[in-house]
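As structure tokens, the structure follows; a few thoughts come after it.
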Number of protein chains: 2
Amino acid sequence: MKSKILKTAEEMIRNGGYNAFSFRDIAAAVGIKSASVHYHFATKEALVCAVVEHYSEDFFTFLSKQAATATDAHSKLDAYCKSFLLAYTSTGKSCLCGILSNEVCSLPDSVRACLNQFVEANMDWLMNALSELPNIESRRTKARLFYTALEGAIATSVLTNDAVWVESVSAQLLKDLKNG
Amino acid sequence: MKSKILKTAEEMIRNGGYNAFSFRDIAAAVGIKSASVHYHFATKEALVCAVVEHYSEDFFTFLSKQAATATDAHSKLDAYCKSFLLAYTSTGKSCLCGILSNEVCSLPDSVRACLNQFVEANMDWLMNALSELPNIESRRTKARLFYTALEGAIATSVLTNDAVWVESVSAQLLKDLKNG
DNA sequence: GTCTATAATTTGATAGAC
DNA sequence: GTCTATCAAATTATAGAC
């Protein structure tokens, strides 16, 4: 039941953010009462932190599989782009952490901390994928571009209901990687 | 008073999105009662549409000034990047339309339409700035990358409380423009 | 244009039975 | 673990006086 709640909460947050769902919504969706949801997660803050952590784990597990056979930077980053594309196409929804990042000024500090960890984990993964580049500052800058562009692209794909944003941005990022 | 309400609503939405403010919040901030806010804007939906339209006008007015003396693509796009940077540094907040785009699945259709117009207006501006590039598909793809990357960057700058995301992404985008 | 008053609903959270 | 029942507060919105 706990994981069923997490899954449902993730879906609902990805539909409209922190304030777009209630404990009663979750309860109805999983077939229990809201008081029972509170048994599993004492507060909304705690629930959302757990959702972010769970989402992050899933994301990097999937990413590892996608990049399992990749040996060079280009194919690793191609796998990174494909992870964002599939995150969109499989649900029609945006990135959980992208959505919550945009609301951060009105979120509890604990959620902010979880989101920062997701960003750092993305940067670590990207920096590692780019390790064949000699200059560390150039690596960092390219990593930042990949992360922010794909976050922006998945949000715009949801808005316009068109995968072309993620697809097109991915293609351009990989092309610029070769040239630069 | 109407414009005072618009300004306050913009500020509050940029702090946490559609569901992170109430008519009472607005009323208290501008010094009237919530019923009086309803006199100016019948519904929350109408208020938010007006805020998006007002924000869009301001954004492009500012952008025009920034790019007034720019003659080539590179300097025009430099002005575009600087507009995002200033949108962040002057407020510490993200882009209004980036925030709302992320919540779009739970927003009224009329707001979605306003947001789509903002994206289209950005694409039009960028396509025009890139008009010296021969290939139209390549122009479109580059335009998409600039818009999405800066939207993602400003959100991440807010999350981490660090302008480096917008600055660094801007620099890389302009660098890749020269190379590709 | 702004007010008071209020309707109708929803929210996060708790107490206590089973 | 799940339930019923409930609380205190907040929400969008409206009616009608001034």
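All chains are named by letter (A, B, ...) in the order of the sequence lines, taking the proteins before the strands, and each is independently numbered beginning at 1.
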Next item on the list: Look at Ser22(A) and dT11(C) and indicate whether a side-chain polar atom (N or O) is within less than 4.0 Å of OP1 or OP2.
Entry: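 Result: yes.
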
Please identify each residue that fulfils side chain to side chain donor-acceptor pair (under 3.5 Å) with [X], with sequence neighbours left out.
X         : answer
Arg140(B) : Glu137(B)
Asp25(A)  : Ser22(A)
Ser131(B) : none

Margin query: Applying a 4.0 Å non-hydrogen cut-off, can you work out what Phe21(B) is touching in the nucleic acid: base, sugar-phosphate, or nothing?
Written below: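 If one applies the 4.0 Å heavy-atom cut-off, Phe21(B) turns out to touch the sugar-phosphate alone, with no base involved.
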
Item checked: Separation of dA9(D) C1' from Lys44(A) NZ (nearest whole Å) ->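 Value for this atom pair: 15 Å.
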
Check: Atom CD1 of Ile26(B) and atom C1' of dA10(D): how far apart are they, to the nearest Å?
Finding: 15 Å

Notebook entry, point to check: How does the hydrophobic cluster around Tyr39(B) look, that is, which other residues are in it when side-chain heavy atoms under 4.5 Å mark a link?
Noted result: none

Restricting both atoms to N or O, compile the protein contacts to nucleotides 1-8 of chain D shorter than 3.5 Å, with distance only.
| from | atom 1 | to | atom 2 | distance (Å) |
| --- | --- | --- | --- | --- |
| dG1(D) | OP2 | Tyr39(A) | OH | 3.2 |
| dT2(D) | OP2 | His40(A) | NE2 | 2.7 |
| dC3(D) | OP2 | Lys33(A) | N | 2.6 |
| dC3(D) | OP2 | Ser36(A) | OG | 3.1 |

Check: Tell me, which pairs form a ring pair (Phe, Tyr, Trp, His ring centres under 6.0 Å) where one or both residues lie in residues 63-115 of chain A, sequence neighbours left out?
Finding: Phe59(A)-Phe84(A), Tyr80(A)-Phe84(A), Tyr80(A)-Trp125(A)

Note to self: Applying ring pair (Phe, Tyr, Trp, His ring centres under 6.0 Å) as the test, list every pair that has at least one member in residues 145-180 of chain B; sequence neighbours left out.
What the structure shows: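 Not a single pair qualifies under ring pair (Phe, Tyr, Trp, His ring centres under 6.0 Å).
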
Checklist line | Given Asn179(B), Leu145(B), Leu177(B), Leu173(B), the one that forms side chain to side chain contact (heavy atoms under 4.5 Å, CB included) with Asp176(A) | finding: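 Looking at Asn179(B), Leu145(B), Leu177(B), Leu173(B), the match for Asp176(A) under the side chain to side chain contact (heavy atoms under 4.5 Å, CB included) is Leu145(B).
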
Notebook entry, point to check: Residues in salt bridge (Lys or Arg N to Asp or Glu O under 4.0 Å) with Arg144(A), at least two apart?
Noted result: none

Notebook entry, point to check: Using a heavy-atom distance cut-off of less than 4.0 Å, which residues of residues 3-14 of chain A contact DNA chain D?
Noted result: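 Residues of residues 3-14 of chain A that come under 4.0 Å of DNA chain D do not exist, since none gets that close.
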
